[in-house]
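The chains referred to below are lettered A, B, ... by the order of the sequence lines, with proteins before strands, and numbering in each begins at 1. Computed from a predicted model, the values in this text were never measured in an experiment.
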There are 2 protein chains.
Amino acid sequence: MVGLASSVERRNGVSLWRQIADKILQGIASGDFAENAALPPEIALAERYGVNRHTVRSAIAALVQEGVLRAEQGRGTFVLSRKRLSYPIGARTRFSTGLQGQTSERHIALLSSSTEPATKRIAEALGIAKGAAVIRLETRGEADGHAVSRATTWFDAKRFAGIEAAMAETGSITASLKRFGINDYLRQSTVLSARHADADDLAAMDLQPGAIVLVTVAVNVTLDGEPIQFAESRFPAERVELRLSAGD
Amino acid sequence: MVGLASSVERRNGVSLWRQIADKILQGIASGDFAENAALPPEIALAERYGVNRHTVRSAIAALVQEGVLRAEQGRGTFVLSRKRLSYPIGARTRFSTGLQGQTSERHIALLSSSTEPATKRIAEALGIAKGAAVIRLETRGEADGHAVSRATTWFDAKRFAGIEAAMAETGSITASLKRFGINDYLRQSTVLSARHADADDLAAMDLQPGAIVLVTVAVNVTLDGEPIQFAESRFPAERVELRLSAGD
DNA sequence: AACCATTTGTTCGTATGTATA
DNA sequence: TTATACATACGAACAAATGGT
């Protein structure tokens with residue numbers, strides 16, 4: 001009963017229709033299924049993946065819901081076009097300058113801010129004492145009305161008192177830091193990983209459950225090497241790719 | 001019935017216990033759950049995530065199966081230490097030099113090789129004519145007996161005839177390139193994304209279904225800027241993180 | 001030893017979701 | 001649409017192991 005060439009797995013906590021939906025997404029990403037063109041008929045897909053036609057239908061229904069496909073009775077199911085943003089990441093990366101040319105409108109929205117004691121990890125990154133007060137900003141990056149990033153950022157509360165107000169007003173980290181005498185800064189280190197989006201990410205970026213996010217954990221420093229900012233950013237993998245430029 | 005603080009989602013194709021397992025993995029990664037220490041009791045986890053204790057138990061069972069946790073009746077459930085490899089990625093990254101100090105044994109296994117006509121994308125990257133012959137290498141990177149990467153690499157067949165033999169013999173891209181007079185090379189560009197592992201990745205790297213892979217697409221060039229290699233590499237997100245070094 | 005609280009392990013039952021035919 | 005099988009999730013017990021008092 002199981003298709004020989006089938007690569008879907010049962011009993012692993014991910015339902016078949018979700019796995020098929022992911023396979024279709026992969027097929028679109030890899031060019032197997034061209035954009036703005038019809039998908040193979042449900043029967044063909046069912047055979048290709050070694051599942052029942054109903055299972056394919058569930059997968060397609062989910063992707064239609066997610067805005068990836070459009071189904072038309074009697075005609076077929078079509079792949080809608082959706083290009084990913086290419087987000088440059090390097091020593092001098094800035095949110096707004098990075099996306100120049102790709103979008104017409106972008107900014108960072110401040111979702112919330114708070115002051116809290118620094119955890120060990122944050123204290124070490126910022127070079128302050130553990131438990132010292134830090135300001136945490138929760139932000140969402142937007143481009144052309146779509147959320148393209150979701151970040152949590154920590155600053156030394158003593159050094160950057162009131163930065164949340166500056167952030168809310170300017171909508172830019174770079175501009176806010178200028179008010180504290182920081183005219184330039186570098187990305188000292190970045191650690192990159194990936195995971196499923198959590199509920200917060202899903203809500204903040206309007207993603208579908210099961211979406212994958214790229215996660216960067218970065219420390220920004222002044223030109224003198226003084227750490228000023230510690231940040232974890234999440235990028236939806238379906239909308240954004242990260243580009244490492246050589247000379248950046 | 002639904003926990004207020006719950007951040008898991010139902011009816012999305014991913015079972016609750018799998019989501020809880022992912023949350024626990026996240027907790028370990030973020031330091032919420034310390035390594036070599038007891039996890040909170042099942043009851044506490046169930047309450048924290050707003051699910052039944054059985055659901056937490058299913059998640060724990062999966063993670064025990066995956067070698068992440070160890071459960072002991074009457075004592076608790078413990079987080080085994082399993083540091084993720086931190087894989088440096090930058091202009092001068094090399095597989096074996098990059099992991100120095102983190103593992104005792106590493107090499108690249110050549111899974112298969114073939115010669116094929118270049119697609120448009122590969123031809124552009126390598127600066128050759130579309131349809132010209134290219135050598136494709138399928139490789140697996142291993143460290144301490146565990147697969148940590150799976151890559152597909154293309155070389156100009158005219159310029160690097162026989163590189164598959166050199167690769168099989170030396171187990172190193174860098175050493176193989178030396179035989180063709182390339183003593184040094186740079187990573188010109190890297191594009192980073194993430195997706196679910198496909199069947200091939202799962203089999204080649206012995207991953208659990210649903211695993212996430214980091215994907216890099218890179219072009220390597222000689223010091224003169226001549227493109228020599230086009231590669232797509234997949235790294236299991238649960239075992240590897242990518243580190244962008246500032247000066248690299 | 002006896003007892004206790006804590007924590008994991010097991011077994012019922014019941015309801016709902018998923019997948020096939 | 002219906003039927004069937006299995007997986008998932010919850011709830012309420014009870015059993016077994018551990019580390020104390």
Distance col, row A/L63:CG vs A/L39:CG, nearest 0.5 angstrom, shows 8.5 Å
Could you check which of C/dT8, C/dT20, D/dG11 has an atom nearest any side-chain atom of A/L16?
C/dT20
Closest nucleotide among C/dT7, D/dA9, C/dT20 to the B/P41 side chain
C/dT7
Between B/V56 and B/R53, whichever has its closest DNA chain D nucleotide further toward 5' is B/V56
Taking the side chain as C-beta and beyond, is there a heavy-atom pair between [X] and [Y] under 4.5 Å?
{"X": "B/Y49", "Y": "B/Q19", "value": "no"}
{"X": "B/K23", "Y": "A/H196", "value": "no"}
{"X": "B/V148", "Y": "B/Y87", "value": "no"}

Please, which pairs that meet side chain to side chain donor-acceptor pair (under 3.5 Å) have at least one residue in residues 69-78 of chain B, sequence neighbours excluded?
B/R70-B/E72, B/E72-B/R75
For DNA chain D, find the residues of residues 69-79 of chain B with a heavy-atom distance under 4.0 Å and give them by number; none if there aren't any.
B/Q73, B/G74, B/R75
According to salt bridge (charged side-chain N to carboxylate O under 4.0 Å, His left out), who are the partners of B/E138, at least two apart in sequence or on a separate chain?
B/R136, B/R150
In whole Å, what is the span from the [atom1] atom of [X] to the [atom2] atom of [N]?
{"X": "B/N52", "N": "C/dC12", "atom1": "CG", "atom2": "C1'", "value": "14 Å"}
{"X": "A/R57", "N": "C/dT18", "atom1": "CZ", "atom2": "C1'", "value": "16 Å"}
{"X": "B/W17", "N": "D/dC6", "atom1": "CH2", "atom2": "P", "value": "18 Å"}
{"X": "B/I43", "N": "D/dG11", "atom1": "CD1", "atom2": "P", "value": "11 Å"}
{"X": "B/I60", "N": "D/dT8", "atom1": "CD1", "atom2": "P", "value": "17 Å"}
{"X": "B/Q19", "N": "D/dC10", "atom1": "CD", "atom2": "C1'", "value": "16 Å"}
{"X": "B/I20", "N": "D/dA9", "atom1": "CD1", "atom2": "P", "value": "9 Å"}

Is a side-chain donor or acceptor of B/R234 paired with a backbone partner of B/E232 at a separation under 3.5 angstrom?
yes
Counting only distance, no hydrogens or angles, is the base of C/dT11 paired donor-acceptor with the side chain of B/H54 under 3.5 Å?
yes
